[in-house]
Structures are given as structure tokens and as C-alpha cells.
Undergrad: 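Dumping the structure here so I can ask a few things about it.
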There are 2 protein chains.
Amino acid sequence: MEESRCENCIVRQFNALRAMTKEELKAVSDSKETRTIRKGESLFEEGDKLGGVMCVRNGVSKLSKLSANGKDQIVKLATKGQVMGQRSVVAEEATNLSAVAVSDMEVCFIPKDSINSALHKNPDFTLEVLRHMAHDLREADDVIVNMSQKTVKQRMAEAFLYLQRFGVDEDGYFNLRLSREDISNVVGTATESAIRIISEFKKKGLIIASGKRLGVKDEKKLRDLAEGF
Amino acid sequence: MEESRCENCIVRQFNALRAMTKEELKAVSDSKETRTIRKGESLFEEGDKLGGVMCVRNGVSKLSKLSANGKDQIVKLATKGQVMGQRSVVAEEATNLSAVAVSDMEVCFIPKDSINSALHKNPDFTLEVLRHMAHDLREADDVIVNMSQKTVKQRMAEAFLYLQRFGVDEDGYFNLRLSREDISNVVGTATESAIRIISEFKKKGLIIASGKRLGVKDEKKLRDLAEGF
DNA sequence: CGACTCATTGAGACCGCTCAAGAAACGTGG
DNA sequence: CCACGTTTCTTGAGCGGTCTCAATGAGTCG
């Protein structure tokens, strides 16, 4: 039971909860609820009013938004230590994104009351949350520019570099197995286009691919491609 | 001199400064510096380390980011009451955006020290800043989806609806006069494409246009078009 | 009135999307 | 373990949207 207390949770180092006081952390730990989510299951849907935030202990979730033409755009992937739904809780609005597990997950649901009381009383914590959100906002700005100014091929190269951040096995394959459709939803393109580019990259020796197993082979060339050289 | 004090400044109602205490506001007011910026002049450049934030008193500034292919992408327009550079100050990083005036402006430069001390001591203020940033982040997510999933025509329709928010004159023309190039940088397209779509919209009676003067004519149809009908 | 910048229009090439069909991988129940 | 349906992946062909280049017209300011 010890390791199920937030006070002892390692992932806390990666998020804003580390700025909480012992007492606040205790309150969070007492009210939280650990959940196991199977791959493919939904954590919440766009438009839901969230009663709290989700802290990822293990696994990866895609955060996506449905567009008018019926396609999902994956805005970001949340992994160990990241907190989902904080935007919604802070702004007291419904979520603008849906969250679906892309691998089996373990998440802690933290009711918003314990978050809110800390937000009102502990400026260090609030500031830490603010810093994380500032970081997210910067990344979002970068994505906007990429989406509007780069070709699908460049964005695909970036996507591979992005996926690499979630870890690779001894052969260099990504730990995270995304379907071609999910990849195309990260890149913002048609699935067929994504597939064609993947096989092109493979032929050119930029990446390794065998079935669903994908990985980066020539990081430097991918980076150059993403920058437009 | 009275109206140059932040305590009496009306635009404060629109931003996070309204959550400051009287004392904090006094400190801000004593350290701030009012600047007049001519249309076309730059407020700061991508990569600059900002010594503080800019609060817009009057006029409009474009916040843009240069992409590798040499084109600016306008991420947002900041107008009366909006604070620029807070992301950079909060995260203690260089700015990720450049700011250039698109009309004559009056802005107040507020050194970061007075902001930072309030951020550490006044949770109400910090929370208010956080809420604003949460709102910005939501808008950024929406833009990402629009950029990746909508056609240039749809985005152009959205751009017109967006520009309308900055006010119109008695004839329905936008108060804000953007060049075709700036418009295309909002939409994220080539200038020629933007021009062609503008004349198409005019022909169809969706907008009014005479030279640089632009305006919305049929808001409903524009909205439908933006949504993909 | 010249030297700008900005707006407009045309034509051609290319990129990326869609539709359609087949191959491979996966899961499930017999 | 196999047969089956279902999903996912792959490839081809064609169309349409968007970009680029280039030339012309219009507006602005000394």
C-alpha cells in the first residue's frame, strides 16, 4: 500500500504536484482513486465536465479533438507523470479534448476539490501549474506553425522524432505502437498518405519498420528533412 | 496623470491584473513605462529575452512565428487589454513569438519583477493568470485542428469571422486593416491563394471588399462554410 | 512623375486526398 | 489448430486543391 500514496509516487517529480505541501499531498492522496484502463478504452470525451484531473502513472493516452469532417486530430500524447484535464479544471469548463488509451494504463483520478483548494492557497503550486501550462502553450504554438507551414512529409519526420521520445527497445523500435491511422491523426493527413510516406522513409533508410513495429534509423536525416533541407 | 495610473486603467478589467491587490498594482504602476508604437514597428522578436510583459492599451499587434521556409505564421492578434509576453516571463524562457504592430499602438511595459513578486505572493493573481493561459491553450488547440483538418477556404471564412471581433465601422468594414499578406499569414496560405478566395467570397456576396477595406456581409453563410457545409 | 509597395490574374506543376481493391494480420469460436 | 470474419495495411489511379512563377495593374509617397 505504501507505494500507492502520492507522497511516495515517483511520477510526481515530473508534474506540478511536486510543489504541493505535505498536507496538501496527503489530502490528494486520500481522495484519489487509481484506475486501470485497457488499451483502446476512453478516459473522457470532448465536452465532458471533468470532476478532477488524471495523473498518468503508466502507459500512454492520446488527446484528440474531432473535427467537422469526422476525423480525429491528435493534439498530444500524455505519458508517465503527465496530468490530463488540468486545463479544464482550472478554467472550470468542459474539456476540449478526448482522451483514449493507446496502451494499457494506470492512472490516478484526483477530484478537483483537492486541486482547487491548493490552487487558492499555495502560490508555489499554482505557479508550478502555470509554468507547465506555459510550456504546453509554447508547444501548441509550435504545432500550429508546423501544421500550417510544413508539408506532410516534414510533419511525418517530426512525428517519428516525437514518437522516439516515448522510448525505444534494444533494436531501436518504439515502445509505443501506434496504428497507421493514429499516426496519420498525429500528422494530420489521410491514412494512405501516411502509409506511402512511411514506406518511402523505410526505402530511404531513414526509419526501420516491420509491421506495426516502427523506429528511427537515421535521426539526423530525419531532422534535416523536418527542417526542410 | 491620473489616467496613466494602472489603478484607474480600464483595460485592466480584461486581463489578469484585475486580481492584483492595491499595493501590488501600485508597485506595477510605479515601475511601468508607457510606449507609443507606430504601425509596422516591432515590439519584440522571436528569441528575445523579455524583461517584462506588454499590456496593450490601444491598437493591435500580430504575434507571429517564422517558419523554416521563411514565412510568418500569425498565431494570434492581441488587442486592447491583452497582455503579451506573459508566457515567456512565467516560464523564464525566451519568447517563441515575434510581435509587430499592425496599427498604431499604446502599450505599457511592465518589468517582470513586479509581476513575479505578485505571482509568488498572491494566489488569486496567479490563478487568474493561469485561467487566462488555460483559455489561450484551448484556443491554440482549436487552431491546430483547424489548420490540419480544414481547407484554405474554410480557414479564410474563419479568419473573416475572427477579424470581425476587432470591430467594424458603420458600413460594416473591419476597423483593422490587414494587408493581403498578413491575412494569408493568419490563414496559413500563399498570398495569391488568399486573394483568389477573397474575390470569390466577394462575388458570392459573403463579404464586402473595396481595396484594403474588408468586411463581413453574410455572417451565417460564412459560418456554414467554415464548418464545412 | 518616377520608384516604390501592394493587389490581381493566368497557367502549369505538384502535392495530397479520395475511392477502390487486394493482401496481410488479428481475434474468436468451433 | 483451423476456418472465419474483421480489422489493418498496402498499392494503384485519378481528381482537385494549393503553390509557384511570372506578368500586369493599381495605389502611395516622395
Side-chain angles (χ1 to χ4, degrees), chain A residues 38-40 62 67-73 100 102-104 146-159 173-174 176-203 207-214 225-226 228, chain B residues 38-40 62 67-73 100 102-103 146-159 173-174 176-203 207-215 225-226 228:
Chain A
R38 214 66 60 72
K39 174 180 177 173
K62 60 178 174 183
S67 72
N69 63 27
K71 277 184 150 181
D72 258 0
Q73 174 65 39
V100 173
V102 291
S103 67
D104 291 348
N146 286 343
M147 284 297 172
S148 58
Q149 305 282 5
K150 294 194 175 179
T151 64
V152 173
K153 213 171 287 186
Q154 289 176 299
R155 281 182 271 152
M156 181 63 77
E158 298 219 317
Y173 289 108
F174 298 147
L176 187 60
R177 307 270 185 88
L178 288 186
S179 69
R180 301 294 196 252
E181 188 179 0
D182 278 340
I183 293 177
S184 71
N185 289 343
V186 170
V187 174
T189 188
T191 310
E192 300 92 327
S193 303
I195 289 174
R196 270 177 253 262
I197 293 173
I198 289 174
S199 60
E200 182 191 332
F201 280 5
K202 185 182 176 183
K203 196 179 297 173
I207 63 169
I208 47 181
S210 75
K212 227 169 193 163
R213 298 157 56 80
L214 297 173
L225 207 167
Chain B
R38 213 67 59 73
K39 174 180 178 175
K62 59 179 175 185
S67 73
N69 63 28
K71 276 183 151 182
D72 258 359
Q73 174 65 39
V100 173
V102 290
S103 67
N146 286 343
M147 284 296 172
S148 57
Q149 305 283 6
K150 294 195 173 178
T151 65
V152 172
K153 215 172 286 188
Q154 289 176 299
R155 281 182 271 151
M156 181 63 78
E158 298 218 318
Y173 289 108
F174 298 146
L176 188 59
R177 308 267 185 92
L178 289 184
S179 69
R180 301 295 197 251
E181 188 178 2
D182 278 339
I183 293 177
S184 71
N185 289 343
V186 170
V187 173
T189 189
T191 310
E192 299 91 329
S193 303
I195 289 175
R196 270 178 252 262
I197 293 173
I198 289 174
S199 61
E200 182 191 332
F201 281 5
K202 185 182 176 183
K203 197 179 297 176
I207 63 169
I208 47 180
S210 76
K212 227 168 194 163
R213 297 157 58 78
L214 297 172
L225 206 166

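Order of the sequence lines sets the chain letters (A, B, ...), proteins ahead of strands, with each chain counted from 1.
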Undergrad: Please produce a list of atom pairs where a protein N or O lies less than 3.5 Å from an N or O of nucleotides 16-22 of chain C.
TA:
{"unit_1": "C:dG16", "atom_1": "OP1", "unit_2": "A:V152", "atom_2": "N", "d": "2.9"}
{"unit_1": "C:dC17", "atom_1": "OP1", "unit_2": "A:T189", "atom_2": "OG1", "d": "3.3"}
{"unit_1": "C:dC17", "atom_1": "OP2", "unit_2": "A:T189", "atom_2": "OG1", "d": "2.5"}
{"unit_1": "C:dC17", "atom_1": "OP2", "unit_2": "A:A190", "atom_2": "N", "d": "3.4"}
{"unit_1": "C:dC17", "atom_1": "OP2", "unit_2": "A:S193", "atom_2": "OG", "d": "2.7"}
{"unit_1": "C:dT18", "atom_1": "O4", "unit_2": "A:R196", "atom_2": "NH2", "d": "3.4"}
{"unit_1": "C:dC19", "atom_1": "N4", "unit_2": "A:E192", "atom_2": "OE2", "d": "3.2"}

Undergrad: For the helix from C:dC1-D:dG30 to C:dC26-D:dG5, what is the angle between the axes at its two ends, each from 5 pairs, rounded to 10°?
TA: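 Rounded value for the end-axis angle: 40°.
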Undergrad: Under 3.5 Å, which protein N or O atoms sit close to an N or O of nucleotides 3-6 of chain C? Give each pair with its distance.
TA:
none

Undergrad: Taking side chain to side chain contact (heavy atoms under 4.5 Å, CB included) as the definition, give me every residue that meets it alongside A:A190, ordered by chain and number, with sequence neighbours left out.
TA: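 Once residues adjacent in sequence are excluded, the partners of A:A190 under the side chain to side chain contact (heavy atoms under 4.5 Å, CB included) criterion are A:K71, A:E192, A:S193.
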Undergrad: Could you state the atom-to-atom distance from CD of B:E200 to P of C:dT8 in whole Å?
TA: 14 Å
Undergrad: Side chain to side chain contact (heavy atoms under 4.5 Å, CB included) with B:I195: which residues, sequence neighbours excluded?
TA: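 B:R180, B:T191.
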Undergrad: So, do A:Q73 and A:S67 sit near enough that their side-chain heavy atoms are less than 4.5 Å apart?
TA: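 The answer is no; the side chains never approach within 4.5 Å.
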Undergrad: Could you tell me which residues satisfy salt bridge (Lys or Arg N to Asp or Glu O under 4.0 Å) with A:K62, sequence neighbours excluded, listed by chain and number?
TA: A:D182
Undergrad: What residues, two or more places apart in sequence or in another chain, satisfy side chain to side chain contact (heavy atoms under 4.5 Å, CB included) together with A:K39?
TA: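 Applying side chain to side chain contact (heavy atoms under 4.5 Å, CB included) to A:K39 gives A:D104.
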Undergrad: Taking side chain to side chain contact (heavy atoms under 4.5 Å, CB included) as the test, write out the residues that go with B:A157, two or more places apart.
TA: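 Here the qualifying residues are B:F201, B:L222, B:L225, B:A226.
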Undergrad: Dump the intermediate steps for side-chain contact (heavy atoms from CB on, under 4.5 Å) on A:R155 and A:V186, then the final yes or no.
TA: CA-CA 9 Å; A:R155 281 182 271 152; A:V186 170; over 6 Å; no
Undergrad: Does B:E200 have any side-chain hydrogen bond (donor to acceptor under 3.5 Å, both in side chains) partners at least two apart in sequence or in another chain, and if so, which?
TA: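 side-chain hydrogen bond (donor to acceptor under 3.5 Å, both in side chains) list for B:E200, sorted by chain: B:K153, B:K204.
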Undergrad: Going by the rule salt bridge (Lys or Arg N to Asp or Glu O under 4.0 Å), which residues pair with B:E158 if we only count those two or more places apart in sequence or in a different chain?
TA: B:K150
Undergrad: Answer yes or no: is there a side-chain heavy-atom contact under 4.5 Å between A:I183 and A:M156?
TA: yes
Undergrad: First and last nucleotide of DNA chain D touching chain A, 5' to 3', heavy-atom cut-off 4.0 Å?
TA: D:dC9 to D:dA13
Undergrad: Counting distance only, does the side-chain N/O of B:N69 pair as donor-acceptor with the main-chain N or O of A:G228 below 3.5 Å?
TA: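 No, because the side chain of B:N69 does not come within donor-acceptor range (under 3.5 Å) of the backbone of A:G228.
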Undergrad: Using the ring-ring contact (aromatic ring centres under 6.0 Å, His included) criterion, which residues pair with B:Y173? Sequence neighbours excluded.
TA: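 B:Y173 satisfies ring-ring contact (aromatic ring centres under 6.0 Å, His included) with no residue once adjacent residues are dropped.
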